[in-house]
Amino acid sequence: MSDSVDAVDSVREQAVVGAVPTGVFIGGGWRDATGGARLVVEDPSTGRPLAEVADATPDDGLAALDAAAAAQASWASTPPRVRGEVLRRTYELLTARVEDLALLMTLEMGKPVAESRAEVAYAAEFFRWFAEEAVRIDGRYTVNPNGGARLLVMRQPVGPCLLITPWNFPMAMGTRKLGPAIAAGCTMVCKPAELTPLSMLALAEILAEAGLPPGVLNVVTTSRAGDVTRPLLADRRLRKLSFTGSTAVGRQLIGLAADNVLRVSMELGGNAPFLVFEDADLEAAVEGAVIAKMRNVGEACTAANRFHVHESVADEFATRLAGRLGAMTVGRGTQEGVQVGPLVDGRQRAKVAELVDDATARGATALLGGRPLDGPGYFYAPTVLTDVPAGARMLREEVFGPVAPIVPFATEDEAVAAANDTEYGLVAYVYTTGLERALRVVERLETGMVGLNQGLVSNPAAPFGGVKHSGFGREGGREGIDEYLATKYVAVKLA
Ligand code: NAD
């Protein structure tokens, strides 16, 4: 029985993977990388090869920029309604094909298929949102204060963009950039992460089917990210870089972008504190903690990285959280009912193990888990750690795995100071039923976003982004399209 089910699954899996174009997408056509090199994509639940895609060279990257630059003028002058309709049609196609796209995403990235469905829906929503924003790009007309002239302010597309995306949300981290760029009238070269290129390739094909003209979006997959993107960053035709990924790589790219004075948006790493005050609804806090910690197998920039819990409720919170995490089903993300998939690769799992070992060596206690799981694939046990000392690396570094360290605090000041004691500033979560406390704490947190009595902040209608070393610029919301628009002011003489 189970063998025949597996066989059926594998036929469907092969069909879904086999349907994805695997070349570079340049000027509306698919072709091999120059020299024909291929890059292997793995299934993280087995460690086995899943597919091969083109391994682009620097020449391919420049050809992609040639195509983007050639398409820029006509795309910028395409009516906003037409640009918006391409996004709207793509939203509808993504929604209609959610099952296949979700399976594809789970196969290359590992997360449970229910979460992949949610990501495809979330990714598609950015297109629906920016389809609506495309027709609302406005400017202004004002009278000079001295009455003698008129001021005209218009907003125009910034021009060709380089968009670099990470592996943890293989589609949504792309559509958050593609949606506003397309709406604003920019052309693009997109470089998806080498671990998860398939979702972006599938998306490019769907955008073309929805009517995106050749050259507006170009996609290069490569194992040599730095070599392929550096010449683009130095090229005068490029006008903007939008990057989502680690702070270490983001920092290097800001330096390269500075030489060419590029517009830059940076969505970088996080170290989200999750604060639970003594007046919190503890059940709601545990529920929010499960979402903030376990969504995406903990591999999210928004993942709760450390739990600061008032000392009067810390033990009970830890016990309840361990109960919930311990009851989660770990397995291959393609199986219905699985709630925790593998980590994306061996490197990522080794990093999680290293951080847990560091904390336990310093005196932390594993109330749950605390080790990698045996067998094929890159699985790590859901883990709750108590007695985590202040020096533990996981309180400062992104864990990116299913690990919840719990640290008690005594006062509100202490909680806020601990929350802000990090180079990062992406998101924080706060659980309290006190209105005054909520406002006091939210105002003092040094982050771009706060989840107030809520374990999830991602929303296409909201401005997503960080402060400090979590980056700058906003994706989504009314702000998202501003990143792709340049302001032009015209001084009009009026006698
Ligand atoms: P990463 O920085 O290693 O890679 C991100 C992307 O940059 C990939 O496409 C990679 O190929 C490319 N890249 C790597 N080196 C490069 C170079 N020298 N030049 C040009 N491109 C290069 O990050 P990752 O491991 O793929 O993703 C995880 C990180 O992303 C985490 O730190 C996470 O917090 C962050 N992230 C942030 C957000 C956000 O919105 N703030 C969202 C998701 C992920």
Side-chain angles (χ1 to χ4, degrees), residues 39 41 44 53 55-56 58 61 108-109 111 119 122-123 126 162-177 189-197 199-200 219-234 238 241-257 262 264-272 295-305 343-345 347-349 351-352 397-401 422-427 447-449 457-460 462-476 480 483:
L39 145 70
V41 183
V53 300
D55 193 356
E108 68 173 346
M109 189 273 167
K111 72 178 89 177
E119 183 182 337
Y122 175 52
F126 282 103
L162 174 61
L163 312 176
I164 303 179
T165 58
W167 50 262
N168 61 342
F169 293 96
M171 191 176 283
M173 297 303 96
T175 61
R176 287 205 308 200
K177 302 184 191 304
V189 176
C190 178
K191 198 219 75 66
E194 54 271 42
L195 293 176
T196 59
S199 296
M200 179 56 69
V219 181
V220 286
T221 51
T222 181
S223 60
R224 298 158 59 193
D227 293 345
V228 170
T229 56
R230 219 173 296 116
L232 272 59
L233 290 167
L238 193 77
L241 164 68
S242 178
F243 172 78
T244 300
S246 60
T247 297
V249 173
R251 194 177 278 126
Q252 285 175 30
L253 294 177
I254 292 168
L256 293 172
L262 294 175
V264 178
S265 307
M266 287 279 147
E267 297 283 354
L268 307 177
N271 176 11
R295 175 169 171 255
N296 224 43
V297 205
E299 294 170 316
C301 52
T302 51
N305 207 54
L343 295 171
V344 76
D345 66 4
R347 231 179 82 208
Q348 188 60 35
R349 182 167 73 167
K351 162 111 191 283
V352 172
E397 297 177 33
E398 248 185 332
V399 179
F400 246 53
T422 169
E423 66 175 298
Y424 297 106
L426 189 61
V427 61
T447 57
M449 302 177 286
V457 293
S458 302
N459 182 337
F464 187 107
V467 298
K468 294 162 75 176
H469 289 191
S470 289
F472 45 82
R474 292 294 178 265
E475 293 191 325
E483 307 282 326

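We number each residue from 1, following the sequence as shown. First listed ligand is number 1; within each ligand, the first listed atom is number 1. If you're wondering where the values come from, they're calculated on a predicted model, not measured in any experiment.
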Taking the minimum heavy-atom distance to atom 1 (P) of ligand 1, which of Ser246, Ser265, Ala303, Gly465 ranks first? Ser246
At their closest point, which heavy atom of [X] faces which heavy atom of [Y], and how far apart are they?
| X | Y | result |
| --- | --- | --- |
| Asn459 | Tyr122 | N-CE1, 4.0 Å |
| Phe400 | Cys301 | CE1-N, 3.8 Å |
| Val228 | Ala56 | CG2-O, 3.5 Å |
| Pro166 | Met173 | CD-CB, 3.6 Å |
| Arg224 | Pro58 | NH2-CD, 3.6 Å |
| Pro170 | Lys111 | CD-NZ, 4.3 Å |

Tell me: protein heavy atom nearest [atom], and distance?
| atom | result |
| --- | --- |
| atom 44 (C) of ligand 1 | Asn168 ND2, 3.3 Å |
| atom 35 (C) of ligand 1 | Gly245 O, 3.2 Å |
| atom 38 (C) of ligand 1 | Cys301 SG, 3.0 Å |
| atom 32 (O) of ligand 1 | Glu398 OE1, 2.7 Å |
| atom 22 (C) of ligand 1 | Ala225 CB, 3.4 Å |
| atom 10 (C) of ligand 1 | Glu194 OE1, 3.7 Å |
| atom 40 (O) of ligand 1 | Arg176 NH2, 2.8 Å |
| atom 8 (C) of ligand 1 | Thr165 O, 3.3 Å |

I'd like to know if the side chain of Lys191 reaches the main chain of Gly61, judged simply by a donor and an acceptor atom lying under 3.5 Å from each other, with no hydrogens or angles considered.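 The answer is no, because no donor-acceptor pair under 3.5 Å joins these two groups.
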Test item: Glu299 side-chain N/O and Val344 main-chain N/O as donor-acceptor pair under 3.5 Å: yes
Which of the ligand 1 atoms, numbered from 1, are nearer than 4.0 Å to a heavy atom of [X]:
| X | value |
| --- | --- |
| Thr229 | 19 (N), 20 (C) |
| Leu426 | 41 (N) |
| Phe400 | 28 (C), 31 (C), 33 (C), 34 (O) |
| Leu253 | 19 (N), 20 (C) |
| Met173 | 42 (C), 43 (C) |
| Gly226 | 17 (C), 18 (N), 19 (N) |

Mind checking whether Thr247 has an N or O less than 3.5 Å away from an N or O of ligand 1?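 N/O-N/O distance under 3.5 Å: no.
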Backbone or side-chain N or O of Phe243 under 3.5 Å from ligand 1 N or O: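 No, there is no polar N/O contact under 3.5 Å.
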To the nearest 0.5 Å, what is the distance between [atom1] ([X]) and [atom2] ([Y])?
| X | Y | atom1 | atom2 | answer |
| --- | --- | --- | --- | --- |
| Thr221 | Asp55 | OG1 | CG | 7.0 Å |
| Glu194 | Thr222 | CD | OG1 | 7.5 Å |
| Leu241 | Leu163 | CG | CG | 8.5 Å |

Test of understanding: given a 4.0 Å heavy-atom threshold, classify the contact between Val249 and ligand 1 as side chain, backbone, both, or neither. side chain
Backbone, side chain, both or neither: what part of Gln252 comes under 4.0 angstrom of ligand 1, heavy atoms only?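 Contact part for Gln252 vs ligand 1: side chain (C-beta onward).
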So for Met266, does at least one of its heavy atoms come nearer than 4.0 angstrom to any atom of ligand 1?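 Judged by the 4.0 Å heavy-atom criterion, Met266 does not count as contacting ligand 1.
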Just to check, does Phe169 reach to within less than 4.0 Å of ligand 1 when the distance is taken from its heavy atoms?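 It does not, in that no heavy atom of Phe169 comes within the 4.0 Å cut-off of ligand 1.
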Taking side chain to side chain donor-acceptor pair (under 3.5 Å) as the criterion, tell me which of Asn271, Thr447, Asn305 meets it with Thr422. Asn271
Does this structure show an ion pair linking Glu475 with Lys177, if we count only N-O contacts that are shorter than 4.0 Å? yes
Could you tell me whether atom 30 (O) of ligand 1 has a protein heavy atom closer than 4.0 Å? yes
